[in-house]
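The shown structure was predicted, so the numbers you read here are calculated from the model rather than taken from an experiment.
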Amino acid sequence: MNPLLVCSESTRKFLPGYDRVRVVTSAPTKDILKEVGTEENVVAIGGGAVIDTAKILSKNPIRCYPTTASGSSSTSWSVYWDGDKKCSLKRMLPKDVILNGLFVEKLPDDVVMSTTCDLVSHCLDSMSSINATEESIGYCKEALEILRNEKNNFGLIKAGDIAGKAIEIAGTNLLHSLSYPMTGHYGISHGLALGYLLPKLSKFMGYDVDDIIGEYKIDLKFDKKLIVKEAFKYDKIYEFNKKISEEILYEKL
């Protein structure tokens with residue numbers, strides 16, 4: 001069977017010639033569970049939602065060309081949404097991950113901002129996890145080092161792929177658990193939610209990343225008590241390696 005290309009509208013131009021194309025416009029919802037493993041051969045080019053969709057659809061490990069630092073190219077999980085709740089589905093690690101600088105030369109500024117915040121949050125969550133290992137911490141340090149020293153989009157995507165390897169080992173916890181209800185209840189994009197949370201929580205988590213995210217000043221309006229309460233419904237928040245409570249997090253936000 002001819003391979004299926006899964007892509008966004010903006011990335012399909014980079015891989016022409018496919019007879020079968022599926023354009024992804026948003027994160028997958030639970031409806032996609034009807035299609036788990038229905039495709040033999042899948043190629044993906046795009047960000048997290050694209051690669052997550054491709055992994056769900058594919059019966060076999062996919063080939064992918066990441067164009068953001070989502071890390072989905074290095075994990076065996078796919079995110080989908082059931083109403084306002086974020087869910088994860090165990091899939092397979094991609095078999096081939098191809099990083100191409102030509103595909104990310106002209107990333108919009110808002111995409112660079114949001115995917116940078118996602119990458120940094122992956123590192124901070126992973127390093128702050130009770131599941132952290134020497135290997136996962138090493139990946140995080142490597143990713144942050146690249147981000148600090150390679151001031152270009154290719155370096156950003158490379159660092160995101162490395163940080164994804166840490167997520168595969170240690171998972172996420174505090175930052176991501178808080179971001180999910182911000183997306184689910186208020187429609188705030190994942191990267192923007194994390195961009196709001198990082199300046200408020202990074203030092204509490206024990207890390208100073210102001211040199212990376214200091215320029216991002218994000219002001220969002222939402223019910224903080226609701227977000228904190230909903231965050232504690234995600235089991236991952238309990239994998240954070242410090243004692244936390246709703247009161248502590250509400251104060252930080």
Side-chain angles (χ1 to χ4, degrees), residues 27-30 33 48-49 51-52 55-56 69-93 114-115 117-137 139-140 143-144 160 162-186 188-198 200-207 209 222 224-253:
T29 66
K30 67 175 181 178
L33 298 181
I51 296 174
D52 282 350
K55 287 189 289 188
I56 292 172
S70 71
S72 183
S73 55
S74 294
T75 74
S76 57
W77 295 91
S78 285
V79 169
Y80 70 93
W81 286 83
D82 183 357
D84 59 19
K85 183 173 178 57
K86 172 263 179 186
C87 304
S88 296
L89 182 68
K90 183 70 172 177
R91 299 304 294 144
M92 292 166 282
L93 276 169
S114 63
T115 201
C117 291
D118 196 13
L119 188 166
V120 174
S121 297
H122 284 159
C123 291
L124 267 57
D125 269 356
S126 291
M127 291 190 292
S128 302
S129 173
I130 61 174
N131 302 312
T133 66
E134 184 175 339
E135 182 181 6
S136 65
I137 292 172
Y139 285 137
C140 294
L144 292 174
I162 293 169
K165 296 178 181 179
I167 292 297
E168 179 70 5
I169 296 170
T172 58
N173 46 78
L174 179 61
L175 291 168
H176 282 70
S177 294
L178 284 164
S179 75
Y180 297 141
M182 293 171 69
T183 298
H185 288 274
Y186 291 93
I188 299 169
S189 72
H190 184 57
L192 194 61
L194 293 169
Y196 173 88
L197 294 168
L198 276 170
K200 298 179 180 297
L201 291 170
S202 57
K203 290 184 177 64
F204 169 70
M205 298 174 78
Y207 302 98
V209 289
F222 53 85
K224 296 176 184 177
K225 288 186 177 180
L226 171 66
I227 295 305
V228 171
K229 183 176 181 179
E230 291 295 309
F232 276 90
K233 294 180 180 179
Y234 288 98
D235 292 342
K236 284 288 185 179
I237 199 170
Y238 300 100
E239 295 180 5
F240 181 58
N241 62 8
K242 290 183 180 180
K243 184 178 180 179
I244 52 173
S245 66
E246 290 187 22
E247 291 75 18
I248 290 173
L249 292 186
Y250 178 71
E251 180 184 342
K252 295 296 179 183
L253 297 188

Item to check | Check: N173 main-chain N/O paired with D125 side-chain donor or acceptor under 3.5 Å | outcome: yes

Next on the checklist: How close do G184 and D84 get, counting heavy atoms only, and between which atoms?
Outcome noted: O-CB, 3.3 Å

Checklist entry - Can you find a heavy atom in the side chain of W77 that is under 4.5 Å from one in the side chain of I167? => result no

Next on the checklist: If you compare all heavy atoms of P181 against all heavy atoms of A231, which two are closest, and at what distance to 0.1 Å?
Outcome noted: CG-N, 4.0 Å

Next on the checklist: For a 4.5 angstrom cut-off between non-hydrogen side-chain atoms, does S179 reach L197?
Outcome noted: yes

Checklist entry - Any salt bridge (Lys or Arg N to Asp or Glu O under 4.0 Å) pairs touching residues 230-243, not counting sequence neighbours? => result E230-K233, K236-E239

Checklist entry - Which pair of heavy atoms, one from G195 and one from C117, lies closest together, and at what distance? => result CA-SG, 3.5 Å

Checklist entry - After noting the C-alpha distance and the side-chain angles of K55 and S72, does the key distance pass the side chain to side chain donor-acceptor pair (under 3.5 Å) rule? => result CA-CA 9 Å; K55 287 189 289 188; S72 183; 3.2 Å; yes

Checklist entry - Got a sec, which residues hit ring-ring contact (aromatic ring centres under 6.0 Å, His included) with Y196, two or more places apart in sequence or on another chain? => result F222

Checklist outcome for this item: The reported gap from OG1 in T75 to CG in D52 (rounded to nearest 0.5 angstrom) is 6.5 Å

Checklist entry - Of all heavy-atom pairs between S189 and T183, which one has the smallest distance, and what is that distance? => result C-OG1, 4.0 Å

Next on the checklist: For a 4.5 angstrom cut-off between non-hydrogen side-chain atoms, does K86 reach W81?
Outcome noted: yes

Item to check | Set of side chain to side chain donor-acceptor pair (under 3.5 Å) partners for E135, sequence neighbours left out | outcome: Y139

Checklist entry - Is there a donor-acceptor pair closer than 3.5 Å between any side-chain N or O of E246 and the backbone N or O of K225? => result no

Item to check | Audit row: L226, Y186, side-chain contact (heavy atoms from CB on, under 4.5 Å) steps and yes/no | outcome: CA-CA 11 Å; L226 171 66; Y186 291 93; 4.0 Å; yes

Checklist entry - Does NZ or CZ of K229 fall inside the cone over Y250's six-membered ring, less than 6.0 Å from its centre and within 45° of the axis? => result no

Checklist outcome for this item: The reported gap from NZ in K85 to NE2 in H185 (rounded to nearest 0.5 angstrom) is 9.5 Å

Item to check | Residues in ring-ring contact (aromatic ring centres under 6.0 Å, His included) contact with Y207, at least two apart in sequence or another chain | outcome: none

Checklist entry - Roughly how far apart are L93 CG and S76 OG, rounded to 0.5 Å? => result 5.0 Å

Next on the checklist: Tell me which one of D118, I237, L124, V120 satisfies side chain to side chain contact (heavy atoms under 4.5 Å, CB included) with L175.
Outcome noted: L124

Checklist entry - Taking only residues two or more places apart in sequence or in another chain, which ones pass side chain to side chain donor-acceptor pair (under 3.5 Å) with S74? => result D161

Checklist entry - Taking side chain as C-beta onward, heavy atoms only, is N241 less than 4.5 Å from S128? => result yes

Checklist outcome for this item: Hits for salt bridge (Lys or Arg N to Asp or Glu O under 4.0 Å) against D82, two or more places apart or cross-chain, chain-then-number order -> K30

Checklist entry - Do you know which two heavy atoms are closest between I188 and A193, and how far apart they sit? => result CG2-N, 3.7 Å

Checklist entry - Does I244 reach the side chain of F204, with side-chain heavy atoms less than 4.5 Å apart? => result yes

Item to check | Heavy-atom pair with the smallest gap, counting every atom of P28 and I56 | outcome: CG-CD1, 4.2 Å

Checklist entry - Once you round to the nearest 0.5 Å, how far does NE2 of H122 lie from OG1 of T115? => result 8.5 Å

Checklist entry - Taking S136 for the side chain and A132 for the main chain, is one N or O donor matched with an acceptor at less than 3.5 Å? => result no

Next on the checklist: Parallel, tilted or perpendicular, judged at 30° and 60°: which one describes the rings of H190 and H176?
Outcome noted: tilted

Checklist entry - Among side-chain atoms of K90 and S88, is any donor-acceptor pair under 3.5 angstrom? => result no

Next on the checklist: Once rounded to the nearest 0.5 Å, what's the spacing between atom CD1 of I227 and atom OG of S177?
Outcome noted: 12.0 Å

Checklist entry - How many angstroms lie between NZ in K252 and CG in L174, if you round to the nearest 0.5 Å? => result 11.0 Å

